[in-house]
Amino acid sequence: MRWERALIPTLKENPQEAEALSHQLMLRAGLARKIAAGLYAYLPLGIKVIRRVETIIRDEMEKYGAQELLMPILQPRELWEVSGRWNDQELGMLKLKNREGSEFVLAPTHEEIITGIVRGEARSYKDFPFNLYQIQTKFRDEMRPRFGMIRAREFIMKDAYSFDVGEEMARKSYADMRKAYINIFRRCGLNFRIVEADPGAMGGEKSEEFIAVAENGEDVLAACEACDYATGADAAKKCPDCGGRMAKIKGIEVGHIFNLGRKYSKALSAKFLDPNGKECLPFMGCYGIGITRTVAAIIEQNSDEKGIIWPLEVAPYSVVVLCLDREETTVAESEQLYQELGDKGIETLLDNRDERAGVKFNDADLIGIPIHLIISRKRISEQKVEMKRRRDQIKLLIPRPEATGEVIRLLKDLKERHRGTEAQRHKEHK
RNA sequence: CGGGGUGUAGCUCAGCCCGGUUAGAGUGCACGGUUCGGGACCGUGAAGUCGGCGGUUCAAAUCCGCCCACCCCGACCA
């Protein structure tokens with residue numbers, strides 16, 4: 001993408017409305033704009049990051065055999081009457097009526113719908129097991145939205161639902177999703193903890209929350225400094241697993257997995273016939289990831305005084321080419337490099353705006369693109385280009401003909417280093 | 001929903017207490033010129049229902065009342 005033709009409205013100053021770090025940065029970097037309290041429009045750069053996270057999620061979900069589907073956001077009252085949740089206060093349901101007087105709710109979650117589908121379509125034990133997921137807008141009418149996308153009323157969520165014929169298999173499904181979630185949040189570059197949680201309005205037998213460590217988080221927990229054990233706030237003084245010291249930390253709930261048992265299949269009588277022709281109720285699990293909230297958490301954990309520092313895999317662009325002056329050769333070289341990178345399948349942004357160098361440097365830092373390629377009259381005369389890493393601001397001079405190859409090498413290096421950090425973090429926590 | 005705060009140009013804010021010229025600044029935007037490696041400089045210009053409605057007054061951004069929106073703390077929160 002050429003910056004000249006893109007809508008990336010960066011801001012020099014922090015908007016008054018934003019206090020939380022991720023909120024300020026997502027407004028300043030031109031990722032999103034507020035429409036009303038808790039309602040955001042995702043601008044081009046913002047939706048790109050969201051799509052990146054979604055790609056990771058789809059990839060990991062499908063590794064564990066989950067299939068994507070898409071359900072409606074408007075749901076009829078009747079289904080909710082059957083599950084007994086129509087008057088549930090906890091979900092913050094926004095209810096509405098159409099012209100005929102039929103009542104609906106703007107989906108806060110989809111257990112009722114998915115179970116309704118499965119009831120009609122999966123009649124035999126041979127149809128099981130399966131796991132269905134969707135990525136979709138959810139609406140919860142929060143009393144008080146806050147911290148930008150950390151607590152919004154409308155947000156994007158991945159929700160998955162597993163169906164198994166037996167309890168053991170359901171546990172396996174749950175364990176698989178737990179693994180998938182660990183992979184997902186690692187690939188997002190997040191530092192997170194898993195804590196046992198209260199199933200709350202969802203009901204069921206067991207649930208665990210994935211909490212991204214963040215100062216602006218609303219969840220408080222006690223986490224072991226020596227291993228990865230963590231628990232709800234008012235818990236033990238020392239870690240039961242390793243005897244390490246427990247410290248109080250704050251975090252953002254980015255994921256929540258539930259082993260639901262047969263609560264919904266029973267309530268909505270989703271039955272199947274076993275090999276003996278006997279009616280049985282499937283065991284369910286449901287698994288949510290707040291995608292927009294995950295993006296906020298990534299920003300909370302990855303920034304410096306200059307702006308966002310996207311982990312490579314979620315970055316809206318991998319590379320930004322900064323064309324520093326308007327000289328013909330500089331413009332031509334920048335275009336050429338932009339083409340070369342594009343041909344290699346590298347998502348590149350070309351800053352060809354008629355702006356001064358400082359503006360381009362600052363914007364590139366603010367929007368957090370991992371690799372900056374700086375092209376200027378000065379370097380062209382030396383047959384060189386400058387390559388800068390956003391995270392540590394380290395600049396390298398490389399011969400022009402090797403530029404594309406060097407970018408590819410650095411991208412690979414960043415990928416491996418990311419895996420290394422993951423492995424190390426994981427090891428430390430063991 | 002309780003408590004606190006804010007609302008003046010796209011954005012950040014001054015002016016309000018103590019009513020009185022054509023309502024200001026910075027930034028952004030447009031145009032011209034000089035610049036050109038870390039948010040340049042000079043000049044010109046466009047841009048405002050002063051959140052809304054009502055009241056007091058000769059006169060309201062400014063005082064009073066009601067309402068609305070947004071932010072923060074709390075209650076609530078998959």
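In what follows, chains carry the letters A, B, and so on, assigned in the order in which the sequence lines appear, proteins first and then strands, with residues in each chain numbered from 1.
- For A:Tyr133 and A:Tyr161, the gap between ring centers reaches or exceeds 6.0 Å.
- B:U6: Watson-Crick or G-U partner is B:A69, with both key distances under 3.5 Å.
- A salt bridge is defined here as a Lys NZ or Arg NE, NH1 or NH2 lying under 4.0 Å from an Asp or Glu carboxylate O, and A:Lys360 with A:Glu4 fails to meet this definition.
- With both ends at atom C1', the span from B:A59 to B:G19 equals 8 Å, rounded to whole Å.
- Within 3.5 Å, a donor on the side chain of A:Lys395 pairs with an acceptor on the base of B:G38, or the reverse.
- Residue side chain A:Gln16 does not reach the base of B:G7 through any donor-acceptor N/O pair under 3.5 Å, judged by distance alone.
- The side chain of A:Arg356 contributes an N or O atom lying less than 4.0 Å from OP1 or OP2 of B:A40.
- Mapping A:Glu253 and A:Arg353 onto RNA chain B by nearest heavy atom places A:Arg353 closer to the 5' end of the strand.
- For the residue pair A:Glu208 and A:Tyr174, a side-chain donor N or O sits within less than 3.5 Å of a side-chain acceptor on the partner.
- Residue A:Phe147 is in sugar-phosphate contact alone, with no base atom involved, counting any heavy-atom pair closer than 4.0 Å across all strands shown.
- B:C17 is unpaired under the criterion used here, namely a Watson-Crick or G-U wobble arrangement in which both key atom distances are under 3.5 Å.
- Residues A:Leu396 and A:Leu410 form no side-chain contact, since every pair of their non-hydrogen atoms from C-beta on lies 4.5 Å or further apart.
- With P as the reference atom, B:C70 and B:A30 are 31 Å apart, rounded to whole Å.
- Taking atom CG of residue A:Asn362 and atom P of nucleotide B:G37, one finds them 14 Å apart after rounding to whole Å.
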Please write out each protein N/O paired with an N/O of nucleotides 2-5 of chain B under 3.5 Å, distance rounded to 0.1 Å.
none

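- Comparing the C1' positions of B:A40 and B:G3 gives an interatomic distance of 48 Å, to the nearest angstrom.
- Scanning atom types as modelled, no donor and acceptor separated by under 3.5 angstrom connect the side chain of A:Asp325 and the base of B:G37.
- Residues A:Glu300 and A:Ser22 bring a donor and an acceptor atom of their side chains to less than 3.5 Å of each other.
- In this entry B:G28 has no Watson-Crick or G-U wobble partner, no candidate having both defining distances under 3.5 Å.
- Side-chain atoms of A:Thr10 do not come within 3.5 Å of backbone N or O of A:Gly30 as any donor-acceptor pair.
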